[in-house]
Participant: 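Have a look at the structure that comes next, please.
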Amino acid sequence: MNYHDHFLAKPLITMELHTAVLLSVLVAGSLAGKCMDPRLTHPVKGKWSFPLPQEEENAVFYRLNYSLYIGGEEILHHFDFEDIKNYKNYTIKADTYRCEGKPHCKNYVTFVGQLSGKLTVCGTNAHNRAGCWAMNGKNFSKLTSSWTAQMAPQTPVTNHNILITGNQVYSTLPPRTNNGRSTMKILFRKISGHDPLLYTGDKLMRDPEFVKSLVVEKEDKMLSKIYLFFTEDNTETRTLEKRLPMVAQLCKEEQGSEKANTRYEFSTALKSRMICGNQLTGQYYPQLQDIYFLQGKTGNVIYGLFKNSWNHSAVCSYEVENIELLFNTSSLWGSSNTKLAIRPGTCLSSYTPEETSDEASKNPELNEWLWPSSKKTVFHNQEHYSKIVVDEITGLNDMIYRVLLLATDNGIVHKVVELEDGAFNALRIMPFKQNGKLLFMDLDPNTHILYMGTTREIARLPLDDCAAYNVSCTYCIQSRDPFCGWIGGKCESVLKHNRSTIQQNLEQNATCEYEKESSIMFLKSFRDSSTHKDMHATQYFLTCPTMSKHASYFWKNGDTEMEKCDPSDDICKLIINKVTSPGEYKCMAMEMETEHTVLQYKILESKNSAKVIECVWLLVLTIQLLILM
Ligand SMILES: *[C@@H]1O[C@H](CO)[C@@H](O)[C@H](O)[C@H]1NC(C)=O
Ligand SMILES: *[C@@H]1O[C@H](CO)[C@@H](O)[C@H](O)[C@H]1NC(C)=O
Ligand SMILES: *[C@@H]1O[C@H](CO)[C@@H](O)[C@H](O)[C@H]1NC(C)=O
Ligand SMILES: *[C@@H]1O[C@H](CO)[C@@H](O)[C@H](O)[C@H]1NC(C)=O
Ligand SMILES: *[C@@H]1O[C@H](CO)[C@@H](O)[C@H](O)[C@H]1NC(C)=O
Ligand SMILES: *[C@@H]1O[C@H](CO)[C@@H](O)[C@H](O)[C@H]1NC(C)=O
Ligand SMILES: *[C@@H]1O[C@H](CO)[C@@H](O)[C@H](O)[C@H]1NC(C)=O
Ligand SMILES: *[C@@H]1O[C@H](CO)[C@@H](O)[C@H](O)[C@H]1NC(C)=O
């Protein structure tokens with residue numbers, strides 16, 4: 001393996017990094033364990049999904065309360081999850097088609113959202129970028145403002161970013177030139193709202209690819225910030241990567257520079273490189289995939305989803321407070337002017353003084369890099385995730401827990417709980433029935449419902465669904481899912497019950513008091529999932545479901561340990577000779593340093609072997625199958 005492109009080869013600490021790299025191989029070897037994989041898999045596939053009427057390769061999504069608008073090829077779909085039969089659509093065709101023969105020569109909706117209180121869609125309008133339509137009564141009518149050209153790219157695959165906050169609209173799409181083409185540099189511009197309509201300077205971004213933009217509002221409006229997350233070309237000599245993940249910060253209410261010829265440049269825009277990795281092990285994930293902004297109970301946090309060149313993923317978190325502090329304190333890369341009266345990046349209600357804006361414009365990059373909280377990843381594993389959202393919930397112990405929802409390109413979700421002893425991959429969920437590329441994932445934090453969309457389906461997933469753990473008290477509690485607890489013989493949502501009566505295990509030491517109650521349910525669920533068809537003439541196959549991927553399973557005959565099960569198998573089998581091996585066989589699970597019996601079989605002796613198969617078969621299934629748990 002080659003860890004080469006994962007170093008931060010800062011010349012000064014080369015030696016340290018070499019040591020770190022050696023270490024990282026060892027650590028990667030030992031930590032690439034099963035705890036990073038989902039412990040359980042939700043048994044129901046596609047439980048929450050609905051098909052789109054037609055496949056939409058380039059769909060864009062907008063969620064309004066319980067409904068989703070989906071912009072596609074010359075159409076806007078509307079699904080209301082509260083009344084899914086009440087599906088509607090609106091045709092939104094291009095005005096004229098002058099691009100025949102070229103790909104994407106249609107109106108692809110590229111934006112759906114609220115603009116001035118109206119539902120608005122923008123689209124490619126057959127390569128003719130003047131394209132937004134606003135809902136007017138029951139139909140959409142064309143908007144005529146020239147800036148709406150900057151709301152719509154030429155094709156549905158053009159990378160761009162649009163930010164709407166109140167009445168202010170920002171876009172990275174250049175204005176249309178007279179010949180309809182746009183050859184101008186890619187900048188971030190305010191295109192509508194109160195004056196001045198500022199744009200970023202030439203040096204802020206080098207061939208950027210935008211990942212996300214967002215606003216952090218402050219009580220003092222003057223201090224509100226816009227953050228831009230993008231990747232760009234690495235033209236510096238500090239590290240070897242071709243592209244770098246960056247964060248830019250700008251003051252939302254700034255007025256521009258006092259200098260006449262940079263009057264309309266954002267004078268407060270600075271940027272820093274984002275680092276995601278473990279400083280201790282020297283393992284880094286240089287490619288930014290997605291950003292989520294968590295407005296948490298204890299502060300605002302930016303979550304970044306990154307990957308390395310083997311497509312292994314990592315999640316890092318950055319407190320907004322720390323990002324601000326970095327921009328408040330770091331010197332500028334390449335800047336020699338350290339005696340400025342006003343620091344570059346300072347939010348002012350007046351024009352920025354010329355010497356400050358000049359410095360920011362010439363050297364917009366910070367010397368310091370943005371390191372993640374605790375200088376390590378929140379979570380990493382060998383999956384290739386493409387989207388992240390993060391939810392917060394108060395556990396029964398009154399602690400606040402964060403739950404990461406990580407989705408792969410084909411829409412499989414991993415639910416990962418941030419716990420004191422590390423992140424815990426609790427559950428793998430398959431929300432969709434068909435294969436389709438994941439295009440959208442959004443969380444409603446008030447209802448704890450996740451909304452998702454692929455090219456073929458949409459899904460709504462309640463995060464407090466506990467059905468996957470609804471097997472026994474042990475399964476429920478060991479799930480360590482802060483949304484679920486054991487109450488009245490069921491694993492149920494803690495949001496729907498009085499909290500004091502529920503059992504939960506967010507530390508590692510809770511025990512189940514209702515073991516007996518749980519066994520019947522477990523038996524039922526096991527019988528549903530197990531067919532027992534593979535009986536052999538002279539042998540028995542004893543089977544045991546190995547649901548938890550974090551446990552190790554093995555068989556015991558009386559008190560003697562027998563075979564270990566292969567952890568990758570869904571069912572653990574034990575083959576025994578039915579004539580020579582009567583007795584008790586137990587399937588054991590070892591997890592979180594505790595051992596428990598999953599199933600116990602009793603094999604009876606008999607001389608009439610033909611009958612015994614029948615008899616034991618039945619008995620195994622219904623009577624002699626004792627559950628001790
Ligand atoms: C959506 O919900 C908000 C409050 O949560 C409400 O004010 C608004 O009217 C709702 N919009 C629609 C279209 O139902
Ligand atoms: C749009 O909706 C109408 C009425 O529900 C339906 O007949 C039609 O097939 C839909 N169009 C598309 C492209 O799905
Ligand atoms: C809306 O569109 C329909 C069908 O295209 C048309 O019949 C109707 O007149 C339109 N209504 C308005 C108010 O434009
Ligand atoms: C990583 O994922 C991308 C996109 O899915 C794919 O094109 C590429 O081949 C993958 N790289 C590796 C090393 O698996
Ligand atoms: C950054 O500086 C601004 C003003 O200079 C100040 O209001 C703010 O509190 C500072 N933020 C941090 C996190 O230090
Ligand atoms: C859990 O299982 C019990 C018994 O099988 C059932 O009554 C209950 O509805 C289930 N709860 C959930 C949340 O699936
Ligand atoms: C839940 O708790 C509240 C207040 O603690 C109480 O008034 C209510 O009766 C409880 N409900 C149930 C179903 O126990
Ligand atoms: C479980 O562990 C936590 C801390 O690790 C401790 O505070 C708590 O009292 C323990 N609970 C039980 C039931 O042992």
Side-chain angles (χ1 to χ4, degrees), residues 1-6 50-57 59 68-80 83-93 106-109 138-140 209 216-225 227 243 249-254 268 270 272 285-290 299-302 305-314 318-330 340-350 352 356 360 366 368 370 373 381-387 407-412 435 437-439 455-458:
M1 280 210 273
N2 174 7
Y3 278 78
H4 183 112
D5 56 349
H6 289 235
F50 302 94
L52 292 178
Q54 65 205 39
E55 189 168 2
E56 297 286 1
E57 290 285 338
L68 278 185
Y69 288 93
I70 301 135
E73 195 178 310
E74 313 230 294
I75 195 164
L76 178 72
H77 306 276
H78 181 217
F79 284 92
D80 184 351
D83 181 12
I84 203 78
K85 294 224 168 62
N86 189 14
Y87 160 80
K88 283 200 195 79
N89 62 45
Y90 306 87
T91 303
I92 301 169
K93 286 201 182 294
K106 279 187 171 169
N107 186 22
Y108 289 83
V109 175
K138 284 192 164 169
N139 289 10
F140 281 92
E209 194 163 320
V216 175
E217 299 284 359
K218 287 293 167 77
E219 245 171 75
D220 177 357
K221 284 237 174 317
M222 279 313 303
L223 297 178
S224 294
K225 304 273 180 5
Y227 291 96
R243 303 276 295 173
Q249 175 188 277
L250 14 128
C251 298
K252 190 176 158 232
E253 302 299 334
E254 76 142 289
T268 55
L270 299 175
S272 168
Y285 298 80
Q287 298 166 40
L288 179 61
Q289 300 278 285
D290 195 18
N300 290 328
V301 187
I302 305 276
L305 172 63
F306 292 80
K307 67 170 185 175
N308 63 18
S309 44
W310 303 291
N311 288 338
H312 299 172
S313 303
Y318 311 83
E319 277 154 42
V320 171
E321 182 98 0
N322 290 341
I323 302 180
E324 252 188 12
L325 187 64
L326 184 74
F327 280 91
N328 270 4
T329 53
S330 171
L340 296 167
I342 307 260
R343 278 186 60 84
T346 308
C347 301
L348 301 172
S349 54
S350 54
T352 304
T356 300
L366 303 188
E368 309 263 324
L370 176 61
S373 303
N381 75 5
Q382 300 188 354
E383 289 283 338
H384 183 192
Y385 303 114
S386 61
K387 297 207 186 298
T408 64
D409 242 356
N410 55 3
I412 291 172
N435 275 332
K437 185 177 158 52
L438 182 71
L439 300 173
T455 52
R456 292 161 181 266
E457 281 170 275
I458 53 168

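Below, each value reflects all heavy atoms present in this structure, side chains not excepted, and no hydrogens, waters or symmetry copies. As the structure lists them, so they are numbered: ligands from 1, and atoms in each ligand from 1. We number each residue from 1, following the sequence as shown.
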Participant: With a cut-off of 4.0 Å, which atoms of ligand 2 are near a heavy atom of Ile75?
Facilitator: 12 (C), 13 (C)
Participant: Do we see a donor-acceptor contact under 3.5 Å between the side chains of His77 and Tyr87?
Facilitator: yes
Participant: Strictly less than 4.0 Å: does any protein heavy-atom distance to atom 8 (C) of ligand 5 fall in that range?
Facilitator: yes
Participant: So which heavy atom in the protein is nearest atom 13 (C) of ligand 2, and how far is it from that ligand atom?
Facilitator: Gln54 OE1, 3.0 Å
Participant: Please list, in number order, the atoms of ligand 4 under 4.0 Å from a heavy atom of Ser309.
Facilitator: 13 (C)
Participant: Which distance, rounded to the nearest 0.5 Å, do you find between the CZ of Arg243 and the CD of Gln287?
Facilitator: 10.5 Å
Participant: Give me the nearest non-hydrogen protein atom to atom 14 (O) of ligand 2 as residue plus atom name, then the distance to 0.1 Å.
Facilitator: Pro53 CB, 3.4 Å
Participant: For ligand 5, is there an N or O atom under 3.5 Å from any N or O atom of Asn328?
Facilitator: yes
Participant: Salt-bridge test for Lys106 and Glu73: reply yes if a basic N is under 4.0 Å from a carboxylate O, no otherwise.
Facilitator: yes
Participant: Test of understanding: given a 4.0 Å heavy-atom threshold, classify the contact between Leu325 and ligand 5 as side chain, backbone, both, or neither.
Facilitator: both
Participant: Ignoring hydrogens and geometry beyond distance, is a side-chain donor-acceptor pair present between Gln289 and Ser386 at under 3.5 Å?
Facilitator: no
Participant: Got an N/O contact under 3.5 Å between Asn89 and ligand 2?
Facilitator: yes
